[in-house]
Each structure stands twice: as structure tokens, then as C-alpha cells.
Peer 1: 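Questions regarding the structure given below will be posed in turn.
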Protein chains: 2
Amino acid sequence: MYTIKEVSEDTGISSYTLRYYEREGILPYVKRDSSGNRLYDEESMEWLNFILALRSTGMPLAEIKHYVDLYQEGESTLNMRKQMMLKHKEKIEKNLSDTLKYLEQINYKLAIYDMQEKGLAKMLP
Amino acid sequence: MYTIKEVSEDTGISSYTLRYYEREGILPYVKRDSSGNRLYDEESMEWLNFILALRSTGMPLAEIKHYVDLYQEGESTLNMRKQMMLKHKEKIEKNLSDTLKYLEQINYKLAIYDMQEKGLAKMLP
DNA sequence: AATAATCTTTCAGTATACTCTAACCAAAAA
DNA sequence: TTTTTGGTTAGAGTATACTGAAAGATTATT
């Protein structure tokens, strides 16, 4: 069981943001101690890690919330959730391939900088 | 020479955004016709494509603007610009590796969905 | 017992990146 | 010639995702 400060420190997510996620229904299942302070158990930590994976791969919070809502409706939404994950996976893969393309473009630019340093090319963007 | 509408249509960037980028000093060198309408030539198109590569790989507009400003100061900033590109390249690579890690996590989740469909696993996030 | 640390809630403020409206202008089509 | 189409500017509005301040409660330390 971790306090908000501990969770914040070892995930890099600020306490503000942790409370915000909970308030928005994005991070459910956070327990409380006798005086009302948040306590994060293994289950909330698993959720948090999963949410961070979705967020970091570009899923909007509204969509993450939708996923969490479906989860809470129970097994009947299993297929919908699976479809969401498949869609998101495709989006990530598209994004990876775009990024590789852009990275090539940036490497090309760097190659030109090397040539400019040796006086072999003119000034370009 | 392309009009704003043409550029918008074949880059997918709205006219609003194209004007906004210009206003913010992010997209320079846009020409005008006799009645003041924007005309995008090869040079502005090259800039635009480069800006889109930077933006799509997560560079904030403020930093793109800084790069453009340095460019306009001339050759004396060549090394600074090269350093910026190197830093950005590293950031992209870090981001790619994080994304691959997260993608694995999502693939794992999908595998669990497949097992749940066959009744081989319980409900999980 | 008082002080400090850490937590709570509510609600307002901020950063970033657009996105749209209003009022106006110019050229082409009906 | 009037209407449509597509452009212009300045400036306000929106979406998303936080981020912070204020006021108060609880627990630990001096």
C-alpha cells in the first residue's frame, strides 16, 4: 500500500494529476485509510501502469475513461474492449511507421549539417 | 505556386493552422500575390514539410520557432541548429523505444483477451 | 502544546495548439 | 451587375491536460 507521494515519486506523475485522474474516473479502485487519505494497492498500481501505457501511446483521456467505464460494466463489454485495444494497437503501429519516416528526414538534415561544416553544402532549412 | 486551399488540402493542415503558423513565425517565406493572397512556393513547401516532421515527432511549436529564428540569423547559428536536431533525434529514439515497450504491454493485454474469449482467464484490466 | 509535514476538497488558473467569427476585399461566374 | 467563391485581418473562443491556491484535517516531531 502506497501513499500518493510515493506513487507520485516512483511514477513521475504529480499528486495533482493522480487526483485529477481519479476525479475524472480514469483511475478507479483507489482505497482510503481511516482518515481519508489515498492508499494505492497492487490493483490500482496495475491500473495506473496500464493507463500510463495508453496515455503515452497517444490515447486521449476521454477514451481511456471510456475503456475504464466499459470495464466496470463487466464481462458483457469484453469484446468492445478488445476491439478498442486492437484499434489502438493499429494506431500505435501507424504512428511508429510515421515516426520512422520522419526520423529518416531528420537524419538526412543532420547529414547535410555535417556537409555544411566541411563547406560542401549551402545553407538550407 | 499553391494557394492556401491547395496546401491545406494536400497536407491535411487547415487554413487556420497555416495562417497561425505564419503569424507565430513558424512558417516563414510565404509569398503573396498582387491582391495579398498567400502563395506557397517550393521553398515554403519544404519548410512546411520539415515543420510537420518536427511537430509530428513531438517538438513543441515554441522550439520549432526557435529553430526558425536561428535559421534566419544566418550561418553563425549553424552549430546550434545542428545540436538542436541531434537532441531532437535522441528524443525521438527514446520515444520510439518507450513506445515499443508500451506496445508489448498492449499486445500482452490482447493475448489475455484471446484467452478470456476461450474462457481460459478471468477478468482483468 | 505548538509547529511542521502531508494529506484532503473545491474551484480557479495555465499552457499548448489550434479553431472560429466578424468584417472586409477582390476576382470570377451567373 | 450582383452573387458566389475564396481570400484577408484581428481577436475571441475551445479542447485537452494538467497545475496551483485556499482552507481545513490529521499525524508526527520538537
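What you see is a predicted model, and the numbers here were worked out from it, not measured in a lab. Letters A, B, ... mirror the listed sequences (proteins, then strands); counts begin at 1.
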Peer 1: Grab the CD-C1' distance between B/Glu22 and C/dA17 for me, whole Å please.
Peer 2: 17 Å

Peer 1: Can you tell me how far P of C/dT10 sits from CD of A/Glu24, to the nearest Å?
Peer 2: 13 Å

Peer 1: Quick one: label A/Arg19 by what it contacts on the DNA or RNA (base, sugar-phosphate, nothing), any heavy atom closer than 4.0 Å.
Peer 2: base

Peer 1: Can you tell if the side chain of A/His88 reaches within under 4.5 Å of the side chain of A/Tyr67, non-hydrogen atoms only?
Peer 2: no

Peer 1: Round to the nearest Å and state the distance from B/Ile4 atom CD1 to C/dA27 atom P.
Peer 2: 18 Å

Peer 1: According to side chain to side chain donor-acceptor pair (under 3.5 Å), who are the partners of B/Asp98, at least two apart in sequence or on a separate chain?
Peer 2: B/Lys94

Peer 1: In whole angstrom, what separates B/Tyr21's OH from C/dT19's P?
Peer 2: 9 Å

Peer 1: In terms of side-chain geometry, is the basic nitrogen of B/Lys118 or B/Asp114 positioned less than 4.0 Å from the acidic oxygen of its partner?
Peer 2: no

Peer 1: Please state how far atom OH in B/Tyr16 lies from atom P in C/dA22, giving the value in whole angstrom units.
Peer 2: 11 Å

Peer 1: Please report the distance, rounded to the nearest Å, between CD in A/Glu9 and C1' in C/dC7.
Peer 2: 14 Å

Peer 1: Between C/dA17, C/dT8, C/dT19, spot the one nearest the side chain of B/Leu61, thanks.
Peer 2: C/dA17

Peer 1: How long is the line joining CG of B/Leu18 and P of C/dC18, in whole Å?
Peer 2: 10 Å

Peer 1: For the side chain of B/Ser35, counting heavy atoms from C-beta on, which of C/dT19, C/dT9, C/dA27 is nearest?
Peer 2: C/dA27

Peer 1: Strictly under 6.0 Å, is that where the ring centroids of B/Tyr71 and B/Trp47 end up?
Peer 2: yes

Peer 1: How close do A/Met84 and A/Leu70 get, heavy atom to heavy atom, and via which atoms?
Peer 2: SD-CD1, 3.8 Å

Peer 1: Nearest-Å distance, CG (A/Leu39) to C1' (C/dT8)?
Peer 2: 13 Å

Peer 1: Under a criterion of less than 4.0 angstrom to any heavy atom of chain A, what are the 5'-terminal and 3'-terminal contacting nucleotides of DNA chain D?
Peer 2: D/dA17 to D/dT27

Peer 1: Look at the side chain of A/Thr3 and decide which nucleotide, out of C/dC18, C/dC7, C/dT8, has an atom nearest to it.
Peer 2: C/dC7

Peer 1: Going by heavy atoms in the side chains, are B/Ser15 and B/Arg19 under 4.5 Å from each other?
Peer 2: yes

Peer 1: Just by distance, do the side chain of A/Glu6 and the backbone of A/Thr3 share a donor-acceptor pair under 3.5 Å?
Peer 2: yes

